[in-house]
Number of protein chains: 2
Amino acid sequence: MSTDAVTMDKIVSLSKRRGFVFPSSEIYGGLGSSYDYGHYGVLLKDNVKARWLEAMVRERDDIVALDSSIILHPRVWEASGHVSGFSDPLVDCRTCKQRFRADHLADPEHQELRCGKRPSKRPGETPDCDLTEPRNFNLMFQTRVGAVEETGVDVYLRPETAQGIFINFKNVAQIARRKPPFGIAQVGKAFRNEITPGNFIFRTLEFEQMEMEFFVPPDEADEWYRYWVDARLQWHLRYGVRESHLRVRPHDADELSHYSSATSDIEYLFPIGWSELEGIANRGAFDLTQHTDASGTKLEWVDAGSGERFVPYVIEPALGVNRSMLTFMIDAYDEEIVGERERTVLRLHPQLAPVKAAILPLIGKDTGMVEKARALYEELRRHYSVEYDDNGAIGRRYRRQDEIGTPYGLTIDEQTLEDDTVTVRDRDSLAQERIPIGGARGRIGELLAADWKTPKSG
Amino acid sequence: MSTDAVTMDKIVSLSKRRGFVFPSSEIYGGLGSSYDYGHYGVLLKDNVKARWLEAMVRERDDIVALDSSIILHPRVWEASGHVSGFSDPLVDCRTCKQRFRADHLADPEHQELRCGKRPSKRPGETPDCDLTEPRNFNLMFQTRVGAVEETGVDVYLRPETAQGIFINFKNVAQIARRKPPFGIAQVGKAFRNEITPGNFIFRTLEFEQMEMEFFVPPDEADEWYRYWVDARLQWHLRYGVRESHLRVRPHDADELSHYSSATSDIEYLFPIGWSELEGIANRGAFDLTQHTDASGTKLEWVDAGSGERFVPYVIEPALGVNRSMLTFMIDAYDEEIVGERERTVLRLHPQLAPVKAAILPLIGKDTGMVEKARALYEELRRHYSVEYDDNGAIGRRYRRQDEIGTPYGLTIDEQTLEDDTVTVRDRDSLAQERIPIGGARGRIGELLAADWKTPKSG
């Protein structure tokens with residue numbers, strides 16, 4: 001079948017079945033749009049973050065890492081405009097008491113939510129709610145630091161990691177001895193009290209962001225903006241997302257945030273349609289200027305030699321870890337008939353795959369095979385994320401590894417006992433090669449380092 | 001000088017100077033006990049987490065990873081006992097209006113806080129406040145999910161990651177095909193609204209935890225408890241913490257939490273005195289039983305074959321990432337006179353060091369040396385976290401690397417231009433060896449993989 005037949009339900013089901021993602025607090029009936037990540041989910045998510053950090057920090061000389069707090073001084077969010085402007089217009093239905101985003105009411109995908117008191121029909125046929133006028137609700141979660149009311153301080157859970165970067169601009173620039181162009185990258189949790197989260201881990205109240213703020217001389221901003229739009233597109237392609245399922249959509253003038261002179265979304269063709277995967281924005285001097293005005297600390301670049309000074313412009317590529325992980329899973333999902341059996345396979349890039357190789361004795365109860373397989377496993381685990389499995393029929397064990405996206409299967413069989421060779425099974429082509437067991441470590445290393453072509457069609 | 005002369009102030013100063021840790025929201029006057037991590041802080045912290053996950057998950061067959069949400073269903077915290085019992089007894093001073101933990105008033109280290117209206121003298125000589133009776137204040141941060149008051153749900157920011165593990169016990173055990181003994185490990189943020197945080201990153205409102213819940217048959221609990229106390233002590237030693245600065249302190253009966261039959265702290269000799277670095281607790285069946293009762297979902301282990309069933313006991317080793325990082329920095333901090341110069345050096349274990357090797361052209365303006373050094377840097381960066389630096393006098397560059405704990409310095413000099421050899425400088429012994437430039441990658445790999453003996457005394 002075509003991978004285009006992938007549905008969100010299939011991804012949700014695979015995620016639960018194999019322990020990538022569980023509904024959070026499930027034994028208590030769940031908490032809307034909240035998810036916990038199981039073993040393979042943690043490994044996949046960590047690989048996504050590692051590949052992003054590698055491309056942003058490790059492979060470059062001009063970007064450093066930062067990890068700022070989730071709870072910042074409340075004035076940060078006044079200066080950034082979030083206290084006054086980070087809100088959704090909401091309407092209530094007087095009949096069913098449900099609440100909706102006013103700007104979403106026209107979307108066909110939200111029609112079926114209305115009206116909760118009446119049986120829902122197809123979108124468009126659903127009876128309308130009796131709606132109130134829109135009211136604005138801030139999306140930031142609020143809490144209080146300090147033990148009691150009279151001495152406490154109202155604070156917010158950050159709705160983005162970016163502001164933690166801007167307020168540290170001066171410290172970082174000085175210590176890292178950097179002059180623009182240079183960037184600061186951060187991976188961390190953010191929280192948004194959205195009224196309509198959903199679509200599995202596409203949009204959740206609590207999520208992880210990967211944001212990089214690239215500070216440039218103002219007259220180079222347009223050029224760097226184009227550079228980052230392209231660089232970020234290339235990153236998704238590098239890790240195997242199909243080109244035909246990606247597109248760059250520049251924002252129209254009326255969509256732009258007030259601080260941005262140009263923004264592009266990298267969109268992916270999700271099962272719910274083309275939607276934002278990553279945003280790249282030219283934020284100009286807005287953020288540094290706002291925090292300079294609000295704090296009295298000049299956030300600008302000064303050349304110690306020439307005395308030249310300017311407020312850098314900022315180019316920001318930003319995406320969600322969870323949404324990126326979802327994209328990789330959706331794009332990698334495939335079902336096919338092999339022989340007479342159907343198999344589900346995640347054609348993940350080997351560098352993203354939670355497990356790089358499975359070590360499998362062909363017959364799980366054969367002491368000789370188990371011994372050889374365990375020895376190989378003990379050697380390989382010191383270098384790669386690998387799994388040993390001797391439990392059940394070999395076909396079932398392969399299918400399990402296919403579903404978690406393990407690119408290579410090393411099988412120890414009768415012949416291994418005779419000549420110390422093992423077979424290496426390729427997840428995608430199902431081709432098998434036989435190599436000396438002593439060469440397994442090197443061969444896996446070669447395969448992981450090799451250029452990888454996505455085996456997906458379409 | 002002796003490393004025992006290390007003070008918290010010196011660590012704070014080094015952290016700021018070299019970009020490990022900054023006071024958070026500094027341009028807005030800071031937010032009490034909140035810190036942001038700069039480039040080297042991120043790298044060091046990530047290494048601490050990676051070494052913990054390696055020891056917990058990668059090197060074992062019986063522990064899997066999990067990443068649960070910060071905001072869980074509020075009933076989780078009712079069942080766990082946190083809503084009713086996770087509180088501090090606080091007292092107010094009627095004179096100075098300051099607030100204190102009632103159970104801390106007797107500690108000499110808190111004496112100087114009292115009374116804020118009067119000039120503070122030495123501990124013990126300070127005039128007493130006029131104190132109210134103690135009142136209990138819950139340490140959990142509260143916030144509200146949902147856009148408005150009438151439909152919202154009060155929730156908490158998790159004060160520990162452990163509960164997210166317990167409520168996922170059934171999902172994980174089924175999917176991972178595990179039977180006790182097996183464990184679930186998690187690294188993630190937790191939040192505690194403490195009235196007396198402090199001592200730099202020793203205790204902060206927002207911190208990262210590394211917790212592992214090990215589920216065992218009840219009759220094996222004592223044995224596994226002893227096993228984990230020892231295994232965790234060995235981990236700190238493995239990464240270079242001095243044995244003389246570590247001790248295991250079993251809790252007295254009157255210190256034990258109500259759910260625990262045995263708890264030990266691994267304590268470290270911080271500049272503030274012996275204090276908890278890690279806790280290992282035998283939590284018995286308390287947590288799984290509480291969540292079974294509250295949720296109606298049986299959290300127990302059932303053998304599909306024999307029908308045997310039991311509620312596993314839990315052994316929990318738990319420590320803070322930030323406190324562990326602080327411990328490694330304090331323990332690694334040293335000052336010594338070399339020649340006629342004083343140098344500060346972080347004698348971090350190479351596997352924890354943010355940067356593994358610095359590549360330094362002896363003369364930063366020598367085109368030939370720079371070219372060779374850049375080529376070596378480009379090769380090494382594909383394999384290790386390395387830095388290139390040609391900025392300033394070589395002595396200053398060495399001192400900078402010493403302060404961030406870089407174990408190896410590769411220097412390109414006149415002789416390199418003649419015979420393609422480089423010197424490798426050892427951070428601790430200052431010994432230099434000369435090797436062929438083509439062998440640098442292999443040599444660094446050897447050095448990083450070699451057994452490492454802490455060069456610290458005392």
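In what follows, chains carry the letters A, B, and so on, assigned in the order in which the sequence lines appear, proteins first and then strands, with residues in each chain numbered from 1.
- Using a 4.5 Å heavy-atom cutoff, the side chains of A/Tyr28 and B/Thr297 are not in contact.
- When heavy atoms are compared at a cutoff of 4.5 Å, B/Val64 approaches chain A by way of both its backbone and its side chain.
- No donor-acceptor distance shorter than 3.5 angstrom exists from the side chain of B/Arg17 to the backbone of A/Ile175, with no hydrogens or angles considered.
- Most heavy-atom pairs under 4.5 Å with chain A, from the set B/Ala294, B/Gly164, B/Ala176, B/Gly41: that is B/Ala294.
- The side-chain heavy atoms of B/Asn168 and A/Glu26, taken from C-beta on, include no pair separated by under 4.5 Å.
- For the options A/Val57, A/Leu72, A/Asn171, A/Leu205, heavy-atom pairs under 4.5 Å to chain B are most numerous at A/Asn171.
- Contacts of A/Gln186 with chain B are absent, with no heavy-atom separation under 4.5 Å from either backbone or side chain.
- You'll find the side chain of B/Asp61 reaches within 4.5 Å of the side chain of A/Tyr377, heavy atoms only.
- Side-chain atoms of A/Phe191 and B/Ile70, non-hydrogen and from C-beta on, do get closer than 4.5 Å to each other.
- With chain B as partner, the option from A/Leu43, A/Ile71, A/Asp46, A/Val172 having the largest number of non-hydrogen pairs under 4.5 angstrom is A/Ile71.
- For CZ of A/Arg396, the number of neighbouring non-hydrogen atoms (other residues, nucleotides, ligands) closer than 6.0 Å is 12 at most.
- Residue contact with chain A, scored on non-hydrogen atoms closer than 4.5 Å, involves the side chain of B/Glu208 exclusively.
- With respect to chain B, the highest number of heavy-atom pairs below 4.5 Å among A/Gln142, A/Arg58, A/Lys45 belongs to A/Arg58.
- Looking at heavy atoms from C-beta onward, A/Ile167 lies out of side-chain contact with B/Phe22 at the 4.5 angstrom threshold.
- Atom CZ of B/Arg177 and atom CZ of A/Arg400 lie 4.0 Å apart (nearest 0.5 Å).
- Residue with the most contacts toward chain B among A/Arg18, A/Arg75, A/Glu206, A/Gln174: A/Glu206 (heavy-atom pairs, distance under 4.5 Å).
- Looking at heavy atoms from C-beta onward, B/Leu299 lies in side-chain contact with A/Ile27 at the 4.5 angstrom threshold.
- When atom types are taken as modelled, the side chain of B/Ser69 and the backbone of A/Asp36 share no donor-acceptor pair closer than 3.5 angstrom.
- For A/Ala185, no part lies under 4.5 angstrom from a heavy atom of chain B.
- Between chain B and the residues A/Glu194, A/Lys16, A/Lys170, A/Arg382, the most heavy-atom pairs under 4.5 angstrom are made by A/Lys16.
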>> Let's go through A/Asn193 and B/Thr143 carefully: what are the C-alpha distance in whole Å and the side-chain angles of both, what is the deciding distance for side chain to side chain contact (heavy atoms under 4.5 Å, CB included) to 0.1 Å, and is it a yes or a no?
In response: CA-CA 10 Å; A/Asn193 199 358; B/Thr143 187; over 6 Å; no

